[in-house]
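Chain naming here is simple, since letters A, B, ... match the order of the sequence lines and numbering starts at 1 in each.
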Protein chains: 4
Amino acid sequence: MNRPRTRRRLSPDERRTELIDAAIRVLREQGEPANRAVTVTAEAGTAKGTFYVYFPSWEDLLVAVHDRLMDDYSAPLRERLAAEAPQDWRAVLDGEIDRFVDFTVGCGKLHGAVFHSSVVPAPAGDEHSATGLLSRIIRRGVEEGALRQVDPDVAAGLLFAALHAAADAVAAGGDRTRWCGSLRELTGNWLAP
Amino acid sequence: MNRPRTRRRLSPDERRTELIDAAIRVLREQGEPANRAVTVTAEAGTAKGTFYVYFPSWEDLLVAVHDRLMDDYSAPLRERLAAEAPQDWRAVLDGEIDRFVDFTVGCGKLHGAVFHSSVVPAPAGDEHSATGLLSRIIRRGVEEGALRQVDPDVAAGLLFAALHAAADAVAAGGDRTRWCGSLRELTGNWLAP
Amino acid sequence: MNRPRTRRRLSPDERRTELIDAAIRVLREQGEPANRAVTVTAEAGTAKGTFYVYFPSWEDLLVAVHDRLMDDYSAPLRERLAAEAPQDWRAVLDGEIDRFVDFTVGCGKLHGAVFHSSVVPAPAGDEHSATGLLSRIIRRGVEEGALRQVDPDVAAGLLFAALHAAADAVAAGGDRTRWCGSLRELTGNWLAP
Amino acid sequence: MNRPRTRRRLSPDERRTELIDAAIRVLREQGEPANRAVTVTAEAGTAKGTFYVYFPSWEDLLVAVHDRLMDDYSAPLRERLAAEAPQDWRAVLDGEIDRFVDFTVGCGKLHGAVFHSSVVPAPAGDEHSATGLLSRIIRRGVEEGALRQVDPDVAAGLLFAALHAAADAVAAGGDRTRWCGSLRELTGNWLAP
DNA sequence: TATGAATGAGCCTTCATTCAT
DNA sequence: CATGAATGAAGGCTCATTCAT
């Protein structure tokens, strides 16, 4: 009687990836839904119980989503940081302003769920966190004389907060040019050597 | 513990105030608890049902708590803004850095529950919101030549985010001097005319 | 502080009457509301607690409402029954068909709340109940040869049910002429001697 | 009493049936209980939450119970109506008087909960409703000359009400012979051609 | 007598998680 | 591995009733 039409047999990695993909779609559109495991597995086209095969709890999924997004976002930056030659870190920061706002706005409601969550910790030193990346950029900028002498970790925290605020404001309907412009003015006056 | 044998009959205003006070105590120490109405009324020494006499839902209480905190915090600033004589708005902002961080750290877990909540909206124009206040300060500063020409609303949003980040960091164990110092450096370079 | 604008001091009977009036208004329009004591006292313009001064419980109010309605409705019938001279009881029953349907339709939602309620018992012998009245009419009709020999109590029960059904149907939008006509046909063939 | 140590996993249809069965038992004996979901699931030997897996609300269960009872009761009638040959519809109605009273009395308190409920609507045309069935019987009877020319829908409504009243009276301790006899007299005189 | 703030038992419902199949 | 029926702890909220004023 209970004949599941197709018991899609995937490799664990594929299944896991599908769940994360589904979660990203759900979070982007609805934010954190009620009945989280059900909503995500329905979106992924699997059974409710499958959720717990791959993630002991919702928070574990959130961490996985966070890591995925950060990896995607930070790939070009990590590449840049891997290069040892001096670079124009001021320009890099300027570029990140737009890129970060675009990224955040594109995330829709996902952003609040994943990044404002107290669940996903962001230790300053973690190179996979947003502030971790900014911190490394600023450190390089300071070392290479492209930026004013500031405390890289603290500056990264402040900058990230400001970026965040701008992105949220734009996502909420604020004027993109105005926010990004002000942000550029802020970083310019603050971090120029 | 306290078993008041008799009903304490209070005026609605007093009871409401007691409930808000109790909620602030609870939020400060535990953050948002499970069984919210029960926890708050127990702290207030009243019956569970009394909660719903005064607040149709938890969110209504949160709004009341938010308003109370903002009113308390903003009282001196509103006074300053009421005065028409020119003032040293740079110094005011510098002072707010410390005052805001102190305030936020003193809020403990309350802060996240009330201010990160999507429940309590903070329209830019609202003079009772934190950004609304900052915006008015910055506007005055710009008008009176104490601050660089910036977009007051946007600048307030960015500044508030940075203040917030610093306060959160200090609350989480960060070095207060370092964060406030960096913040002062940021505002100094950014907003000095 | 708590100064009730006017503490209307009425004689207990007036107060009681006002509450019953208010209950009838409420029941007619909303049927049995949620928060019954509150709804009725609000309609009556008194305080919630006053309800319990006059009625130990909702059911007691229902009984009072029932008695009031029945007294009003049955007044002409009781008068007729008091007269000892023989009467055309067939015509009386025919007339009651329309009067009862009018009455019931006019009651709106009140009807279901008060008369379908298991709370208000209607002992067959009770001359204040609808079936009690019908029973006495039928008994007189049988005794005076105006009606076929039937069991008065049982016939009253069946007739009342049929009247009720017709009234409910008309209240629900059924065709009045059709229902009353069929009812007249029923009683005619059934009860004619 | 029964503590099933292990989860009883059934097909949805079986579980649903068990819940409806349990509900019928409960309603028959207690009428509509307080804590409805708990009472029914306890009777069914399942966990409270299981109720909501099968019925979004109590009213949905009531509808299911109603349908089940009507299907059971009406099965022989539907069969009769399916046959095209003329039948003695007077005798059928006479038979239904006893059968309906038996059925209703056997329902105990269930009857009021399910059939007096405003939740379960009974449109006149619905062949699964009691009046719908009676209506079809009367229509056939009229067409085949076994019954007087009456409006089938209206007559069905009136007849059903009378049947109901008799059944309720018998259930409440009334004399079965008296009520059924009077009912037979009523239908005889009313509907004989 | 009248008031309306206060009470708390109790019902409804959700949903994270388990586990028999 | 995958499934989805089953679970039950937990929280939200209502409202009949009480009682201090």
Colleague: Name the stems with DNA chain E in them: runs of three or more consecutive Watson-Crick or G-U pairs, distances under 3.5 Å?
Modeller: E:2-21 with F:2-21
Colleague: Can you list every pair that meets side chain to side chain donor-acceptor pair (under 3.5 Å) and has a residue in residues 41-56 of chain D, with sequence neighbours left out?
Modeller: D:R25-D:E43
Colleague: Using whole Å, what does the distance between atom C1' of nucleotide F:dT17 and atom CD of C:E59 come to?
Modeller: 14 Å
Colleague: In whole Å, I'd like the distance from the CH2 atom of A:W58 to the P atom of E:dT14.
Modeller: 19 Å
Colleague: So which of residues 17-39 of chain B are in contact with DNA chain F, with a heavy-atom cut-off of under 4.0 Å?
Modeller: B:A34, B:N35, B:R36
Colleague: Not counting sequence neighbours, which residues clear side-chain hydrogen bond (donor to acceptor under 3.5 Å, both in side chains) with C:T17? List them please.
Modeller: none
Colleague: At under 4.0 Å between heavy atoms, what does A:P12 touch on the DNA or RNA strands: base, sugar-phosphate, or nothing?
Modeller: sugar-phosphate
Colleague: Over how many whole Å does the gap from B:D60 atom CG to F:dG12 atom C1' extend?
Modeller: 14 Å
Colleague: Taking the side chain as every heavy atom from C-beta outward, state whether B:V63 and B:E59 have any pair of such atoms under 4.5 Å apart.
Modeller: no
Colleague: How close or far is atom C1' of E:dA2 from atom CD of C:E14, stated in whole angstroms?
Modeller: 15 Å
Colleague: May I ask you to list the residues of residues 46-56 of chain D, by number, that have any heavy atom positioned under 4.0 Å from an atom of DNA chain E?
Modeller: D:K48, D:Y52
Colleague: Has the side chain of C:R15 got a donor or acceptor that lies under 3.5 Å from a partner of the other kind on the base of E:dT1?
Modeller: no
Colleague: Would you call the rings of C:F51 and C:W58 parallel, tilted or perpendicular, where under 30° means parallel and over 60° means perpendicular?
Modeller: parallel
Colleague: Apply side chain to side chain contact (heavy atoms under 4.5 Å, CB included) to residues D:D21 and D:R68 and explain how you reach the verdict.
Modeller: CA-CA 9 Å; D:D21 290 344; D:R68 160 85 78 79; 2.8 Å; yes
Colleague: Tell me the ring pair (Phe, Tyr, Trp, His ring centres under 6.0 Å) pairs involving residues 16-50 of chain C, sequence neighbours left out?
Modeller: none
